[in-house]
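Scroll down for the structure; my scribbles are underneath it.
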Amino acid sequence: MNLADFRIPGLPSTFYYIPNFITASEESSILQKIPSQRWISLSKRRLQAIPSTLLKGTTLLAAPLPPYLVNPVIDRFSDLGVFDATPHRKPNHVLVNEYLAGQGIMPHEDGAAYAPVVATISLGGSLCLEITAKERGSTIEREGAMGGESQEREATGDEEEVARPANWRILQEPRSLLVTTDAAYVSTLHGISEIEIDEGLSAETVANWELLGDESVFEGGVNVRQERISLTYRDVLKVSSAASKVFGGARR
Ligand SMILES: O=C(O)CCC(=O)C(=O)O
Ligand SMILES: [Fe+2]
């Protein structure tokens, strides 16, 4: 399997969409293992930061990812070379987002705490991710990384930016992998509309239509939202080990 074969055409470089990246039984096994007591509730969705929320929004306290987030996907990322260009060459942080029908996430960018590669696995329902080309020079801070604290920022996000219509839609099916990298990571915003039905779905309006696993599901042009969980894998640039914190602190 070659990542280049899965490049989404017509979008800023580079997005890749791989349908059926995991099997249905792998999907249900992961869903069962997501801990039910770790959710942070935001007004529009719930999330978990694993292994933990970044310190100051930028620094990961080193800890391994739990096995259910490692197997089988990390080896598959390696086979595809998804994180080959990032400093740790594999992800060290996962944001788990849950969206019920009608829930979404404001347009945002993921920001400079991470290497510019996000690998998103979708579980449960399908929905459209909306991509907007960023205006030159504009900056919108990362929304998801800081968990609960960032909710305020989400609410007060730059109105001009969020009011602009999306340029492209990527339809994410359950069990698919979406990779956002290179210029696309820094030159576009992504968001999910708070709607219960995605409408007008077709080869003309969905950028990854030709790459879908089963486009016949969407033949009527509609997707009725079901509960969806996304696993967004990232490589946090700054990692601090607990030991270096303790000893570094004691020496000063
Ligand atoms: O759920 C998704 O696919 C997107 C989530 C997201 O953008 C984020 O957590 O930063
Ligand atoms: Fe994001």
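For ligands, and for the atoms within them, numbers begin at 1 and follow the listed sequence. This one's a predicted model, so the numbers in the text were calculated from it and none came from an experiment.
Every atom of ligand 1 is numbered from 1 in the order shown, and the set under 4.0 Å from a heavy atom of T120 is 3 (O). Near S230, with a cut-off below 4.0 Å to any heavy atom, the atoms of ligand 1 are 1 (O), 2 (C), 3 (O). The atoms of ligand 1 that sit less than 4.0 Å from any heavy atom of N97 are 5 (C), 8 (C), 9 (O). Of all atoms in ligand 1, numbered sequentially from 1 with element shown, those under 4.0 Å from a heavy atom of R228 are 1 (O), 2 (C), 3 (O). Under a 4.0 Å criterion applied to the non-hydrogen atoms of Y99, ligand 1 contributes the atoms 1 (O), 2 (C), 4 (C), 5 (C).
Proximity of a side-chain donor or acceptor of R38 to a complementary backbone N or O of A49 within less than 3.5 Å is detected. A donor-acceptor distance shorter than 3.5 angstrom exists from the side chain of Q48 to the backbone of P35, with no hydrogens or angles considered. The closest donor-acceptor contact from the side chain of S78 to the backbone of I74 lies under 3.5 Å.
In this structure F77 satisfies the ring pair (Phe, Tyr, Trp, His ring centres under 6.0 Å) test together with F21, F83, Y233, sequence neighbours excluded.
For residue D110, an N/O/S atom approaches the Fe ion (ligand 2) to within less than 2.8 Å.
If you look at R234 next to ligand 1, the close heavy atoms, those under 4.0 Å, all belong to the side chain. If you look at D110 next to ligand 1, the close heavy atoms, those under 4.0 Å, all belong to the side chain.
To the nearest 10 degrees, the angle centred on the Fe ion (ligand 2) between NE2 in H108 and NE2 in H190 reads 90°.
A salt bridge (charged side-chain N to carboxylate O under 4.0 Å, His left out) check over residues 8-33, counting only residues at least two apart or in different chains, returns the pairs E26-R76, E27-R175.
Residues T14 and D182 bring a donor and an acceptor atom of their side chains to less than 3.5 Å of each other. Side-chain contact of E173 with Y17: a donor-acceptor pair under 3.5 Å is present, judged by distance alone.
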